[in-house]
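What follows is a short report on a single structure.
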Amino acid sequence: MTKIIADSSCDIFQMEGADFAAAPMLICTDGKTYTDDKDLNITEMLDHLASLKEKTGTSCPSPDSWLRAFGEADTIFIATLTSALSGTFHSAQVARELYLQTHPHAKIHVFDSRSTGPELLLLVEKLAELAKQGLDFSQICQKAESYLQKTRLICSLSSLHNMAQNGRVSKVLAKAVGILGLRIIITASPEGTLEPIEKSRGDKKAMDSMLQQMIKAGYSGGKVRINHTENPSAATSLREKILSKFPHADVLCYAARGLCSYYAERGSVMMGFETA
Ligand code: X90
């Protein structure tokens, strides 16, 4: 039995035609811990967070939480958010070691996406596709690792408050973004850290800039996944811009779940795409 598992920063909890599970990230305030699962009410969480003055944070799935997602599978592919910004990759590796003690014949590979959100989702979808083709374990590992070299992440954010508060970007950079209407276009660096590309004013220019940047990065009509945090109109307009240049592209928009909503914040659009 083959299972595909990711942390909840991939924004999905189930997958048609694949045995998939997501290990939930946690979003923590002094009084409350939100579990990033299918029942999390994003609007309620964001409203609550906006009303707080205290420092808030997140934590990654514990090895135990990963193990629960493993079930009793004998072949397991795990995809995590970037190890440069989170302990989730390490925690999944610990879970792998523990599982191998009781299931010595299991085959488990942990992929460090060096990214998150829609780029992580592309990896998960690729793993499901490769597993369906009936390739063997090492072939799937190899093909998925090389696929990761060809996908990218570009995002438009209007606040870096929660990223800075949790030490994931500098306070200086965060201050420069917190101006009304300003969007920062960022990408995931090859090392899996946040890399600012440019600033832009308003969603319309920001979506134009995302399209330009994706073409510059080598996009030529491959798959695109776009999430948004309470900004369906920007995400849809980006999708339309992409389709007007690449009419046959497979482009999907959806609402971000807990972890991405927390860090990318209200108004954000995150896009993962394949390059040629
Ligand atoms: O507590 C934890 O272990 C989770 C920490 C996660 C920190 C980063 C999440 C990023 C979410 C924000 C914009 C995209 C940045 C891309 C850099 C790879 C999304």
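Counting begins at 1 with the first residue of the sequence. Indexing begins at 1, ligand by ligand and atom by atom, following the structure's order.
- Comparing Ile186, Ile154, Leu157 against atom 15 (C) of ligand 1, the shortest heavy-atom distance belongs to Ile186.
- Close placement of the Phe77 and Phe137 rings is indicated, their centers lying within 6.0 Å of each other.
- Heavy atoms of Thr88 stay at 4.0 angstrom or farther from ligand 1.
- No donor-acceptor contact under 3.5 angstrom links the side chains of Glu119 and Ser113, judged on distance only.
- From the protein, the heavy atom lying nearest to atom 3 (O) of ligand 1 is Ser86 OG, 2.6 Å.
- Using a 4.0 Å cut-off between a side-chain N of Lys or Arg and a carboxylate O of Asp or Glu, Glu274 and Lys150 do not qualify as a salt bridge.
- The protein heavy-atom contact nearest to atom 1 (O) of ligand 1 is Thr58 OG1, 2.5 Å.
- For atom 8 (C) of ligand 1, the closest non-hydrogen atom on the protein side is Leu85 CD1, 3.9 Å.
- Interface atoms of ligand 1 facing Ser59, defined by a heavy-atom separation under 4.0 Å, are 1 (O).
- Between Thr116 and ligand 1, no pair of N/O atoms sits closer than 3.5 Å.
- Under 3.5 Å, the side chains of Glu198 and Ser209 contain a donor-acceptor pair of N or O atoms.
- Once rounded to the nearest 0.5 Å, the distance linking CD of Gln14 with CG of Asp19 reads 11.5 Å.
- Of all atoms in ligand 1, listed by their number and element, those nearer than 4.0 Å to a heavy atom of Met270 are 19 (C).
- Ligand 1 lies out of reach of Cys260, whose nearest heavy atom is not under 4.0 Å from it.
- Below 4.0 Å from some heavy atom of Ala188 lie the following atoms of ligand 1, by number and element: 18 (C).
- Residue-to-ligand polar distances keep Ser115 apart from ligand 1: every N/O pair is separated by 3.5 Å or more.
- Aromatic rings from Tyr219 and Phe246 are positioned such that their centres are separated by under 6.0 Å.
- Judged by the shortest distance from any of its heavy atoms, Met25 lies inside the 4.0 Å radius around the atoms of ligand 1.
- No side-chain donor from either of Asp37 and Thr35 sits under 3.5 Å from a side-chain acceptor of the other.
- The side-chain tip of Lys126 points at the ring of Tyr147 from less than 6.0 angstrom away and within 45° of straight on.
- Side-chain N/O atoms of Tyr263 and Thr58 include a donor and acceptor closer than 3.5 Å.
- Among Asn162, Leu153, Val169, Leu160, the residue whose heavy atom sits closest to atom 16 (C) of ligand 1 is Leu153.
- Nearest protein heavy-atom contact of atom 10 (C) of ligand 1 is Tyr263 CB, 3.9 Å.
- Tyr34 and His48 share a donor-acceptor pair across their side chains, judged by distance under 3.5 Å alone.
- Contact between Gly192 and ligand 1 is present, with at least one heavy atom of the residue lying under 4.0 Å from the ligand.
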